Amino acid sequence: DISNHVNDLNYFLNKGIEYNKNTQYKEAIEIFNKILNIYPEHIYSLYHRAISYIQLGNQENSKNDIKEILKLWPRFEQAKQLLNHVNSNN
């Protein structure tokens, strides 16, 4: 259970990132959703879920995640770059 302690959170985050690397984007989104259900402001889960959405062609959900990240952490440069990428491909 993710909510039990931080090691589980890191395990699930790394599992989701691994799914992304293996082009298993839907599986990655499921993992990131599990984390975000417990920790809705988990920036790195939002960021990697946004990447998954981009890979699946879901620009709108990706933008929503990136905008949420930038509300929480306005100086997150990778998120700004990702938003520019999404906006330039629309």
Side-chain angles (χ1 to χ4, degrees):
D1 184 3
I2 301 170
S3 61
N4 285 343
H5 59 67
V6 173
N7 289 339
D8 289 342
L9 174 64
N10 289 334
Y11 169 80
F12 282 101
L13 179 63
N14 288 329
K15 187 83 171 153
I17 292 168
E18 191 66 30
Y19 278 136
N20 266 352
K21 288 179 184 174
N22 292 325
T23 67
Q24 296 173 278
Y25 306 116
K26 290 179 183 176
E27 293 85 349
I29 290 169
E30 287 178 23
I31 294 283
F32 300 131
N33 286 344
K34 285 181 183 182
I35 296 170
L36 290 162
N37 283 338
I38 298 167
Y39 304 103
E41 295 183 347
H42 193 264
I43 288 172
Y44 293 109
S45 293
L46 286 165
Y47 178 76
H48 289 287
R49 187 173 70 176
I51 292 170
S52 300
Y53 282 137
I54 289 169
Q55 295 301 325
L56 291 173
N58 190 332
Q59 311 294 39
E60 200 56 41
N61 281 352
S62 179
K63 277 188 198 180
N64 290 339
D65 280 353
I66 298 166
K67 288 175 184 176
E68 184 63 26
I69 293 166
L70 293 174
K71 274 192 236 171
L72 297 167
W73 187 8
R75 294 181 180 204
F76 189 1
E77 286 303 317
Q78 289 105 323
K80 290 179 187 178
Q81 292 169 6
L82 199 58
L83 185 59
N84 288 337
H85 170 77
V86 172
N87 286 334
S88 69
N89 287 327
N90 280 345

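Since this is a predicted model, take the numbers as computed values, not measurements.
Each of N87, N84, L82, I51 was checked for a side-chain contact (heavy atoms from CB on, under 4.5 Å) with I66, and the lone residue meeting it is L82.
Listed by chain and number, the residues in a side chain to side chain contact (heavy atoms under 4.5 Å, CB included) with E30 amount to none (sequence neighbours excluded). Taking the ring-ring contact (aromatic ring centres under 6.0 Å, His included) definition, one finds that Y47 meets it with F76, sequence neighbours left out. Judged as a side chain to side chain contact (heavy atoms under 4.5 Å, CB included), and not counting sequence neighbours, the contacts of N64 are E60, N61. Remark: K80 engages E77 in a side-chain hydrogen bond (donor to acceptor under 3.5 Å, both in side chains) (not counting sequence neighbours). Every residue meeting the side-chain hydrogen bond (donor to acceptor under 3.5 Å, both in side chains) condition with N33, not counting sequence neighbours, appears here in chain and number order: R49. Among residues two or more places apart in sequence or in another chain, the side-chain hydrogen bond (donor to acceptor under 3.5 Å, both in side chains) test is passed with H42 by S45.
Under a hydrophobic clustering in which Ile, Leu, Val, Met, Phe, Trp and Tyr are joined whenever their side-chain heavy atoms come within less than 4.5 Å, directly or via other members, L72 and I35 fall into the same cluster. The cluster map of Ile, Leu, Val, Met, Phe, Trp and Tyr, joined by side-chain heavy atoms under 4.5 Å apart, puts I31 and Y53 in different clusters. Follow the hydrophobic side-chain contacts under 4.5 Å out from I17 and you reach Y39 in the same cluster. Hydrophobic clustering, with ILVMFWY side chains joined whenever heavy atoms are under 4.5 angstrom apart, keeps V86 apart from Y25. Each of I29 and Y11 belongs to its own hydrophobic cluster when Ile, Leu, Val, Met, Phe, Trp and Tyr are linked at side-chain heavy-atom distances under 4.5 angstrom.
Scanning both residues, D65 and A50, for their nearest heavy atoms gives OD2-N, 3.6 Å. Scanning both residues, N20 and H48, for their nearest heavy atoms gives ND2-O, 3.2 Å. For G16 against A28, the heavy-atom pair with the smallest separation is O-CB, 3.5 Å. Between L46 and P40, the shortest heavy-atom contact is CD1-O, 4.1 Å.
With values rounded to the nearest 0.5 angstrom, L36 atom CG is found 10.5 Å from E41 atom CD.
In the displayed structure, Q78 atom CD is contacted under 6.0 Å by more than 12 heavy atoms of other residues, nucleotides or ligands.
With salt bridges taken as basic N to acidic carboxylate O contacts below 4.0 Å, none links K15 and E18.
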